[in-house]
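Heads up, the thing below is written out as structure tokens.
Because the structure is a prediction, the values reported are computed rather than measured. Note that ligands are numbered from 1 as they come in the structure, with each ligand's atoms numbered from 1 the same way.
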Amino acid sequence: MRRAFYLARLGKGSVSPNPMVGCVVVYRDKVIGEGFHHCCGQAHAEVHAIEAVLQGNVVVNRLMRETGLTPRGLLQESTLYVSLEPCSHYGKTPPCANKIIDNRIPRVVVSCGDPNPAVNGKGVAMLREAGVEVIEHFLEEEGRRMGRRFFTNVEKKRPYVILKWARSADGNIARKKGEPTPITGLVAQTLNHRYRTEEDAIMVGTGTLLADNSRLDARRFDGKQPVRVSMDLQGRLLASLQSDARTSVHFFDGRLQSFLFVSSGILEDYISLMTQSVCDWQRVDKESPAVLFKHIRHATGFRLIPVPDTLSADRQVPFYLEQLHEERIGSLIVEGGTELLQSFIRSGLWDEARVFASPETLPGGYPEPRLPEAVRRVEDKVLDGDILHIYRNSGIG
Ligand SMILES: NC(=O)c1ccc[n+]([C@@H]2O[C@H](COP(=O)([O-])OP(=O)(O)OC[C@H]3O[C@@H](n4cnc5c(N)ncnc54)[C@H](OP(=O)(O)O)[C@@H]3O)[C@@H](O)[C@H]2O)c1
């Protein structure tokens with residue numbers, strides 16, 4: 001089963017909003033086939049593992065010679081280990097339970113039940129009705145931890161939320177509020193970019209977008225780019241775009257899918273600036289905001305998401321998460337600054353915090369957010385001078 005968990009993780013970053021799932025087929029203590037779910041919409045782990053046997057491989061070929069059995073014959077005496085209950089419904093692919101039954105695999109060991117209402121016990125029931133022996137809840141806690149993004153999505157109806165910031169040895173995130181301040185070294189930054197490729201979206205507050213002009217991409221690591229998310233509730237970003245002083249905002253460069261939460265009161269201003277800019281863009285300077293808005297119109301997936309003006313401050317974080325869940329964002333990294341991170345901490349709607357700590361100090365700097373005392377630090381990683389502290393909120397995370 002641990003091999004199945006290992007395989008499942010190979011799908012990290014590309015299966016969302018589907019779960020990461022791994023599967024291993026074992027004939028008399030020998031692994032004869034394995035597979036994992038590679039990509040949303042494509043074949044499930046069980047299909048890959050069973051096909052790996054049917055199509056033959058070095059181990060299968062040797063066992064065929066030794067036993068005289070065909071690949072189908074081997075399957076009929078094997079045990080299939082899978083990290084998540086096999087599906088029972090026709091989604092983008094046919095039910096995996098049928099594939100197991102059709103291939104007469106006599107025994108299935110499952111780590112976690114699938115809470116998706118379309119499955120939720122029906123996969124196991126189908127197998128048992130067909131006479132397959134099923135062992136459930138095997139290494140279940142480890143399985144739920146491995147699949148925590150998916151379980152959070154289905155059970156809590158929100159993305160899995162990772163808080164991230166970089167702090168100095170004296171607990172500051174910037175030299176002063178509003179001043180971009182590099183804090184950690186290259187190894188920590190590269191690891192952070194790798195983490196970005198593993199999640200669906202990355203969010204920063206208005207203050208950070210204005211101060212740092214963040215690119216919010218994973219340029220230091222090869223992989224999937226996250227959706228960029230930010231917000232403009234008071235029109236501060238809009239004012240900065242309208243002013244001649246602001247020449248380029250990476251968030252609007254049109255390279256990546258981006259969502260901007262804007263208060264309903266300024267939605268029209270955004271739309272009108274975008275429309276006007278599309279008409280005028282050939283007449284304006286290359287660097288003007290109008291050109292940026294031309295890019296918005298041509299960028300695939302730029303979304304303005306209206307936020308009701310009446311929304312109270314304590315409802316903002318739940319609102320962002322509800323909207324992102326509807327957009328099928330399965331996991332979100334919140335990368336600062338302090339105000340936005342603190343509002344996630346206050347809401348309790350977060351699962352994991354990754355705090356990159358530098359040995360350098362920033363006396364009199366802008367303080368980091370504060371985690372509640374009860375939050376557990378579960379891991380430290382030493383990174384060439386910096387240290388990554390990982391904290392876990394209670395629950396699935
Ligand atoms: N070291 C690090 O890891 C790191 C990371 C990020 C940023 N920084 C630094 O942090 C500084 C900016 O931090 P900050 O705390 O001022 O800015 P921030 O958290 O990025 O932005 C705060 C602003 O976001 C808007 N906002 C919208 N919804 C919010 C919500 N639910 N909760 C909180 N804010 C919400 C508000 O703007 P309105 O008032 O306009 O509505 C608020 O003033 C910069 O100096 C930056 O360089 C450091």
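- In this structure, the side chain of Ser78 does not engage the main chain of Val25 through any donor-acceptor pair within 3.5 Å.
- For atom 44 (C) of ligand 1, the candidate residues are Pro367, Gly337, Ser230, Gly178; the nearest heavy-atom contact is made by Gly178.
- Looking at Leu311, Val355, Thr184, Leu340, it is Leu340 that brings a heavy atom closest to atom 34 (N) of ligand 1.
- Protein heavy atom nearest atom 29 (C) of ligand 1, with residue, atom name and distance: Gln316 OE1, 3.4 Å.
- Counting only heavy atoms of the protein, atom 37 (O) of ligand 1 lies nearest to Arg236 NH2, 3.1 Å.
- Ligand 1 has no N or O atom lying under 3.5 Å from any N or O atom of Trp165, backbone or side chain.
- Ring to ring, His48 and His38 are close: their centroids are under 6.0 angstrom apart.
- Between Lys164 and ligand 1, no N or O atom pair is found at a separation short of 3.5 Å.
- Scanning the protein heavy atoms around atom 17 (O) of ligand 1, the nearest turns out to be Gly207 CA, 3.6 Å.
- Looking at Phe356 against ligand 1, nothing comes within 4.0 Å, counting heavy atoms.
- Atom 32 (N) of ligand 1 has Ser343 OG, 2.9 Å as its closest protein atom, hydrogens excluded (heavy atom only).
- Ligand 1 has a nitrogen or oxygen under 3.5 angstrom from a nitrogen or oxygen of Thr208.
- No side-chain donor-acceptor contact under 3.5 Å links Gln323 to the backbone of Ile305.
- For atom 15 (O) of ligand 1, the nearest non-hydrogen atom of the protein is Tyr366 OH, 2.7 Å.
- If you check which protein heavy atom lies closest to atom 24 (O) of ligand 1, you get Thr206 N, 3.2 Å.
- Not one N or O of Ala313 is nearer than 3.5 Å to an N or O of ligand 1, by distance alone.
- Not a single heavy atom of Val204 lies less than 4.0 angstrom from ligand 1.
- His325 and Asn153 share no side-chain donor-acceptor pair at under 3.5 Å.
- Shown are Glu46, Arg72, Glu51, Gln76; of these, the side-chain hydrogen bond (donor to acceptor under 3.5 Å, both in side chains) with Asn103 is made only by Arg72.
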For residues 353-362, which side-chain donor-acceptor pairs fall under 3.5 Å, sequence neighbours excluded?
residue : atom : partner : partner atom : Å
Arg354  : NE   : Glu352  : OE2          : 3.0
Arg354  : NH2  : Glu352  : OE2          : 3.0
Ser358  : OG   : Glu360  : N            : 3.0

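- The contact set between ligand 1 and Glu179, taken as ligand atoms under 4.0 Å from a residue heavy atom, comprises 45 (O), 47 (O).
- Contacts between Lys176 and ligand 1 below 4.0 angstrom, taking non-hydrogen atoms only, involve the backbone exclusively.
- Counting only heavy atoms of the protein, atom 28 (N) of ligand 1 lies nearest to Tyr320 OH, 2.7 Å.
- Both tests do not hold together for Arg196 against Phe221: distance to the six-membered ring centre under 6.0 Å, angle to the ring axis within 45°.
- Looking only at distances, no side-chain donor or acceptor of Asn120 sits under 3.5 Å from a matching main-chain atom of Asn116.
- Taking every heavy atom of Ile183 and a limit of under 4.0 angstrom, the matching atoms of ligand 1 come to 1 (N).
- Heavy atoms of other residues, nucleotides or ligands lying less than 6.0 angstrom from CZ of Arg220 number more than 12.
- Checking only distances, Glu335 never comes within under 3.5 Å of ligand 1, N or O to N or O.
- Distances below 4.0 Å separate heavy atoms of Ala174 from the following atoms of ligand 1: 45 (O).
- For ligand 1, the polar-atom distance check finds an N/O of Ile173 within less than 3.5 Å of one of the ligand's N/O atoms.
- No more than 12 heavy atoms of other residues, nucleotides or ligands sit less than 6.0 Å from atom CG of Asp384.
- Between Ala166 and ligand 1, at least one pair of N/O atoms sits closer than 3.5 Å.
- Asp314 and Pro318 get closest at one heavy-atom pair: O-CD, 3.6 Å.
- Arg228 and Gln257 share no side-chain donor-acceptor pair at under 3.5 Å.
- The shortest distance between side-chain heavy atoms of Asp351 and Ile162 does not fall below 4.5 Å.
- Taking all heavy atoms of Arg175, Gln234, Glu339 into account, the minimum distance to atom 43 (O) of ligand 1 is reached by Glu339.
- Put simply, the side chain of Glu85 gets close to the backbone of Asp114: a donor and an acceptor are under 3.5 Å apart.
- Heavy atoms of Asp212 found under 4.0 angstrom from ligand 1 belong exclusively to the side chain.
- Under 4.0 Å from ligand 1, not a single heavy atom of Asp232 appears.
- Side chain of Thr197 to backbone of Gly223: no donor-acceptor contact under 3.5 angstrom is found.
- Given atom 16 (O) of ligand 1, the protein heavy atom at minimum distance is Lys177 CE, 3.1 Å.
- Residue contacts with ligand 1 leave out Phe261, since none of its heavy atoms falls under 4.0 Å from the ligand.
- For the residue pair Ser214 and Asp212, no side-chain donor N or O sits within less than 3.5 Å of a side-chain acceptor on the partner.
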